[in-house]
Amino acid sequence: TDAAEQLTPVLPDGPREESLQFVSELKDSWCACAVDVGSVWWAAAGRRELRVVTASESAVSLWEPLAPDCWGRAYTWHLTEVPVIQIVPLPDTCNLVCVALGELEIGEIRLLLYSSETDSFKHSVVKTGNIKAVVGLKDRRLVCSSRTMQEQQVEMVLLSETGGSKNRQTLMPPEDTVTAFAEVEGIREALVGTTAGNSVVVWNLKTGQLLRKMHVGYSYPASICHRAYSDSGLLFVVLSHPHAKESESPGSPVFRVVAFNPRSGRSTGVMFSCLPPGPAGYLEGDVWDTAGAAVLTSGAVAVWDLLRGRCTAVLPAGPAGHWALARWATGGAVLLAGRCSGTVHLYRY
Amino acid sequence: CSESDLGPISLNWFEELSAEAPP
């Protein structure tokens, strides 16, 4: 069962719009500065439940629901050698947490897990290098792009349940650096990426072939892909635009849905999701299905229906502080909003 | 968008591009 559904809704200083419903709060009193928040399906004692994962630079904690509106730390992995930079979501994977570590850029990817054989929590390195982009895909697959002085390597790693790598497949790299990857809903073996040259590239994960490189256009530089959907012969890609700044608001698109025809390489914008009115720019965002969420420079979190291009909810910064993180939980429908202090709010969307 | 904007559309684009792309 979905852990969030077991929790009693409470509305202390909740969102302004009804589309986000406050579910519960989780407070990490140890946390000096939260760097990421996420969720993972966890199976224990014959049941599978949604657990929350919080990361600071030196520790990653797994939280379990103990009672309505009460979360307890189930375990903490201490990672003191290299700082944690982000949690890498692994959709539909159980009992595995993936994290990226590094100084300014990602230097290694680790899996954090519980081993029932030894009844212990442990972690293992699955990839090292100068990693530029990483994504977790369904069926325990992980794709990374890394760079040496001479060349770029793009690789898919099939993860084992015990935290190792079962198989590796090299993907043909494009000429310019890959900045982000996104799984393609509707075609299991397809993967899209965005590049530093503002192109969308498409791979065949089974063969490693680079199938297509399509330019996004000059109007929206440094586009980052979040999701892709194949439908009716078109490839719909959700892009965010990190340069959406307050100086351009309102009307500056944070997210765009762009339809690409992979056969011709031509594209057209389908829908824009713009900054809500007010002096705030885009800091970072996350997309699940057709819902986008972003932290704004004002410390608020905004949520959009990306197919309608409508901002559907805003979580204001409030007296307790600015929001720093906004992530959709695995399986969608639950938004995790985090503050630097380590406090995380769960909202049902 | 119309087909004329985007060129001819193929429902099997993934298989077709995989057959055409270098291995």
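A/Val202 touches chain B through its side chain: at least one heavy atom from C-beta onward sits under 4.5 Å away, while N, CA, C and O do not. Contacts between A/Leu235 and chain B at a heavy-atom distance below 4.5 Å involve the side chain alone, from C-beta outward.
Side-chain contact check for B/Asp5 and A/Thr268: no donor-acceptor pair (N or O, by modelled atom type) lies under 3.5 Å.
When side chains are defined from C-beta on, A/Arg263 counts as touching B/Leu17, because their heavy atoms get closer than 4.5 Å. Contact annotation: the side chain of A/Thr207 never approaches that of B/Pro23 to less than 4.5 Å [non-hydrogen atoms, C-beta and beyond].
Of all the listed residues (A/Ser230, A/Pro262, A/Ala190), the one sharing the greatest number of non-hydrogen pairs under 4.5 Å with chain B is A/Pro262.
Atom CZ of A/Arg188 and atom CZ of B/Phe14 lie 11.0 Å apart (nearest 0.5 Å).
A side chain to side chain contact (heavy atoms under 4.5 Å, CB included) with B/Trp13 is found for one member of A/Leu234, A/Ile187, A/Asn261 and no other, namely A/Ile187.
Remark: A/Glu175 CD is loosely packed, at most 12 non-hydrogen atoms of other residues, nucleotides or ligands lying under 6.0 Å away. Counting non-hydrogen atoms of neighbouring residues, nucleotides and ligands closer than 6.0 angstrom, the CZ atom of A/Arg308 reaches no more than 12 such neighbours. Within a 6.0 Å sphere centred on CD of B/Glu15, heavy atoms belonging to other residues, nucleotides or ligands number more than 12.
Heavy atoms only, all atoms of each residue included: A/Leu211 and B/Ala21 are closest at CD2-CB, 3.9 Å.
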